[in-house]
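Here is the structure we will look at, set down as structure tokens.
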Amino acid sequence: MQEIKKGLEGIVALDTRISFIDGMQGILRYRGIDIEQLAGMTYDAVSYLLVNGEIPNEQELAAYSARLKTERRINGEMTDIMRICNYGSEALDSLRTAISCTAQMDYENDNNSLEANKNKAIRLIAKLPTMIAVMYRCKNGEIPLQPDDDLSHGANFLYMLRGEEPSAIEAEAIEKDFILSAEHELNPSTFALRIAASTLADAYSAIIAGLCTLKGPLHGGARKGVMEMLDEVAVPENANDYVLYKLARKQKIMGFGHRVYRNYDPRSRIFKEMAKKVAKENGDTTYYEVAENLEHVMYREFLEVRGRPIYPNVDFYSAVIYKYLQIPPELATSVFAIGRVSGWTAHCFEQYTDNRVIRPRAHYV
Ligand SMILES: CC(C)(COP(=O)(O)OP(=O)(O)OC[C@H]1O[C@@H](n2cnc3c(N)ncnc32)[C@H](O)[C@@H]1OP(=O)(O)O)[C@@H](O)C(=O)NCCC(=O)NCCS
């Protein structure tokens, strides 16, 4: 019998040109470019890079950004659907419906050519922020706002959600969030998406498979868990007892640990710096201090008890930023999806281009 690797740990399933991770050294690159450099670009440029495989020149970027802006709008029918959906504790349930409806309204839905698929990618990248803002405002009895074409991808989302333009620091924070969340090799949602794409299911169906997988609290859902934890811990002095209580009961602390990184996740480092900046601008640094204390206690406990430290993952300090940006916890996983959708579409195209149906075996017991 072949050895079974539970959770497929360490199994290399395919070749990719989209991203590279060195988990020991804490390196992440999208299409050969270090995450530190990508973090200083715009989400438009990074999503272009992921979807098209190369950095856009000035004209290409201008044309792409203009196209995204025209595609930001959603029609009246979609607004009505968002109003009816009226999600409960998890907005992703409505977002899933919204993407399904977008597919049904898209005349290219069943066209699996690269050109049609790139059109779908643009539509999804552009419309996801609008859908989330509209569903949130409808749920709260507020009038949905039209996108503002003068604002960047991130700033426009915050404007449509909150009804006021973000500060320069807030705009920088959300733009970085989308960039750092955009792509991460064969994480669970991307793998689920690639399985769907390997059956030659259409791109929307594959993206929905990815979106549904993102929802889980051990994956994208952890961001919401961190936000709730920050409120529960409330003050920095409680961090120690909180962690000890959870660990004694073998409960997971959201936003820590990673299958691939055995060192500090490079995205976390950037998020931490950004979180400090938004906290400082806000004036009340409590959430940031709570997070820093949680990080210290987790590091100490894992090092002392297991001989190996644990580090915050991508969901930890991003959740601190969401608190300061007043993004409610029930939107956290959906906001993660705004960034991730460009990576998902890139993987979808890569699977179509060099396809063999993904179908492993199970050992019968
Ligand atoms: C990310 C994650 C799913 C990785 O899973 P994995 O590679 O299967 O690692 P494991 O869950 O097997 O972790 C190894 C050990 O560390 C512990 N551990 C890992 N992350 C932990 C956490 N966040 N809190 C407490 N304990 C943790 C596990 O309980 C396990 O202990 P055991 O050997 O006594 O059973 C896991 O670290 C986790 O659940 N983190 C919290 C959820 C989260 O933040 N998810 C977002 C990922 S980007």
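Each ligand, and each atom within it, is numbered from 1 in the order the structure gives.
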### Task
Supply the atom-to-atom distance H347 NE2 to L186 CG, rounded to the nearest 0.5 angstrom.
6.5 Å
#### Entry: Close-range residues for ligand 1, whose non-hydrogen atoms fall below the 4.0 Å threshold
P217, L218, H219, A222, L247, Q251, K252, I253, M254, G255, F256, G257, H258, R259, M298, F302, R306, I310, N313, D315
### Message
When you compare the side chain of L8 with that of K5, does any pair of heavy atoms fall below 4.5 Å?
### Response
no
### Message
By the salt bridge (Lys or Arg N to Asp or Glu O under 4.0 Å) test, which pairs, at least two apart or in different chains, include something from residues 177-203?
### Response
D177-R223, R194-E350
### Message
Give me the atom names and distance for the closest heavy-atom approach of I338 to Y43.
### Response
O-OH, 3.3 Å
### Message
Would the distance check show the side chain of K272 and the main-chain N or O of Y317 forming a donor-acceptor pair, the cut-off being under 3.5 Å?
### Response
no
### Task
Could you point out which residue of T333, D315, N187, T213 forms a side-chain hydrogen bond (donor to acceptor under 3.5 Å, both in side chains) with H219?
N187
